[in-house]
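Computed from heavy atoms alone, side chains included, the values below leave out hydrogens, waters and symmetry copies. A quick note: this is a predicted structure, and the numbers were derived from the prediction, not measured.
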Amino acid sequence: MEGPIRAVGTPVGHDDPMEIHGHCDRSFSAVQDAFEQNFADGLELGAAATVTVDGETVVDIWAGAADSAGNPWQRDTIVNVYSTTKTMAAVCMLILADRGELDFDAPVARYWPEFAQHGKDRVLVRHVMSHTAGLPGFVPPVAPPGLYDVDRVAAQLAGQQLWWEPGTKSGYHAITQGNLEGEILYRITGVRMAQWFADEVAGPLGADFWMSLPESEDHRVAELQLPPPPTGMEVNGVPVSFDSIAIRTLTSCPLNATEPRTREWRAAEIPAAGGLGNARSIAAVHSMLANGGEVNGVRLLSEAGARRALEPQIDGVDEVLMLRLRHGLGFALEMEGWVQSPNLNHMFWGGWGGSLATVDFDAAMTVSYAMNRMDAELTGDPRGGRLVNASYASLS
């Protein structure tokens, strides 16, 4: 039974105690405690968290405000989760590969011939999936409205030169990864990724996650509370120079987090950063992965196909995020100082501001978190990490 399940401390600007809504199995009460602590510490405006084990939802909670006016975060509130969208794009690619329509070891140009310009015939699909393709940013830079024309973005990427030899190092393809994957999928299927995801993934799983949001759903979108501006030339606490790969990437499509307030952004297909959903909808997709490609009687992948995401691609300091990363196919397998698991077959990714999604094949568990108060760091937000740690403590 859903409804208010516990009141927590009074947040700034509110007269009444905030209530946690939803449900939480007693054995996972530590997750609710961690969720409440995030609010008590003044780290949240509105948020939602979901944990699944063996395909069953053991935690599904939400609380707080959907906007600065104090309108409550509802069960069906959705929010822009930025790079957590990348995990949905990765699922599309995994399904295509499992069906035999896509070969991760093939050159991208096999599917997209124009992409072979300037030596990019050496870029393999797995390089795109693991941020090692050598195209982390746009040259010349693209303003956010430029992202709304996927054909134009694809043509620009096809005409660009490589920033490094593909496969030799990772550099977070913050926006470009989604457009590269989306164009590959389009060349194979003839359907744009936003529609393909809706038809082949979100629809069958009943996941309220959107890569292109209809105007009829705008009323459910939470307003992002902007992160504090950067204070210097640092990425994740590491000093970087103006001509570094990190700065060149992050300034090649500068975002300020106001873009999701516009109809144009919400309607656009931006597979690396434009997805809108909530913790429950993220969990609906990732629980399918954690359970070997099938959940609630719906099979989208073979077990081997789902586990392909775990195949290690590269291990080293990422040239954009400036942290050690182990990349699989579409997911991170390990990142220093952020999301840790006691299990080997575990993967995750998160989004700018704090959203987080983890998939643990060994425990058949997922932890998903979405919020609207954005943290300044690209990685390392403690809120989602608390929820993950509490989930593992509850399992044990």
Side-chain angles (χ1 to χ4, degrees), residues 1-2 5 20-35 47-62 75 81 84 87-88 90-92 94-95 98 197 200-209 277-311 328-334 339-350 355-370 384-396:
M1 182 175 182
E2 293 181 346
I5 55 178
I20 305 292
H21 293 262
H23 75 268
C24 177
D25 285 11
R26 186 168 299 176
S27 59
F28 279 79
S29 62
V31 178
Q32 183 176 322
D33 292 341
F35 186 72
T50 300
V51 180
T52 68
V53 179
D54 294 323
E56 298 295 325
T57 301
V58 295
V59 179
D60 183 15
I61 53 179
W62 62 93
R75 185 184 190 278
V81 296
T84 299
T87 68
M88 304 302 169
V91 166
C92 295
L94 290 165
I95 292 173
D98 200 40
F197 173 80
E200 302 286 341
V201 181
L205 295 175
D208 185 19
F209 195 100
N278 49 34
R280 186 183 311 105
S281 63
I282 296 167
V285 177
H286 289 175
S287 181
M288 177 272 297
L289 291 174
N291 288 276
E294 179 180 4
V295 67
N296 297 326
V298 178
R299 177 166 291 281
L300 299 186
L301 282 158
S302 68
E303 182 165 0
R307 285 178 173 265
R308 290 211 66 185
L310 295 167
E311 294 178 7
L329 290 171
F331 290 80
L333 308 181
E334 184 179 347
V339 178
Q340 305 296 320
S341 167
N343 297 324
L344 177 64
N345 297 304
H346 170 264
M347 61 191 193
F348 72 95
W349 199 250
S355 65
L356 182 65
T358 74
V359 179
D360 190 317
F361 288 85
D362 294 342
M365 181 173 78
T366 71
V367 183
S368 304
Y369 165 69
R386 280 178 175 174
L387 299 173
V388 173
N389 292 339
S391 297
Y392 279 111
S394 299
L395 267 183
S396 63

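Note that CG of L395 and CE of M365 are 4.5 Å apart. Values are rounded to the nearest 0.5 Å. Summarising the geometry, atom CG belonging to D33 is positioned 11.0 Å from atom CG belonging to L387; distances are rounded to the nearest 0.5 Å. M88 CE to W349 CH2: the interatomic distance, rounded to the nearest 0.5 Å, is 15.0 Å. To the nearest 0.5 Å, atom OH of residue Y369 and atom OG1 of residue T50 are 12.5 Å apart. Note that CZ of R280 and CD1 of I282 are 11.0 Å apart. Values are rounded to the nearest 0.5 Å.
Partners of P204 under the side chain to side chain contact (heavy atoms under 4.5 Å, CB included) rule, at least two apart in sequence or in another chain, are V298, L300. With sequence neighbours excluded, the residues forming a salt bridge (Lys or Arg N to Asp or Glu O under 4.0 Å) with E303 are R307, listed by chain and number. For A202, the side chain to side chain contact (heavy atoms under 4.5 Å, CB included) partners two or more places apart in sequence, or in a different chain, are F197, A207.
What you find for N291 and G55 is that their closest heavy atoms are ND2-N, 3.3 Å. The two atoms that bring A357 and T84 nearest to each other are CB-CG2, 4.1 Å, heavy atoms only. For G293 against A306, the heavy-atom pair with the smallest separation is N-CB, 4.0 Å. Considering all non-hydrogen atoms of both residues, V295 and S287 come closest at CG2-OG, 3.5 Å. A370 and V81 make their closest contact through CB-CG1, 4.2 Å (heavy atoms, listed as atom of the first residue, atom of the second, distance). The heavy-atom pair separating F28 from S394 by the smallest distance is CD2-CB, 3.4 Å.
Looking only at distances, a side-chain donor or acceptor of S281 sits under 3.5 Å from a matching main-chain atom of N278. Of the possible polar contacts, one joining the T358 side chain to the V367 backbone as a donor-acceptor pair under 3.5 Å is found. With hydrogens and angles disregarded, a donor-acceptor distance shorter than 3.5 Å links the side chain of D98 to the backbone of S302. Side-chain atoms of D362 come within 3.5 Å of backbone N or O of N345 as a donor-acceptor pair.
Residues F331 and L310 fail the side-chain proximity criterion, which asks for heavy atoms closer than 4.5 Å. Put simply, the side chain of N343 reaches to within 4.5 Å of the side chain of Y392, judged on heavy atoms. Taking 4.5 Å as the limit, some side-chain heavy atom of V285 sits within range of a side-chain heavy atom of V201. Here the side chains of E200 and I95 are not in contact, with every heavy-atom distance at 4.5 Å or above. Side-chain contact between N296 and M288 is absent, with no heavy atoms from C-beta onward closer than 4.5 Å. In this structure, T87 and M347 have side chains that are not in contact, with every pair of non-hydrogen atoms separated by 4.5 Å or more. V59 places none of its side-chain heavy atoms less than 4.5 Å from the side chain of F35. Looking at V388 and F348, their side chains never come closer than 4.5 Å, going by heavy atoms from C-beta outward.
No hydrogens or angles considered: nothing links the side chains of S368 and H286 as a donor-acceptor pair under 3.5 Å. Using modelled atom types, one finds a donor on one side chain and an acceptor on the other under 3.5 Å when comparing T52 with T366.
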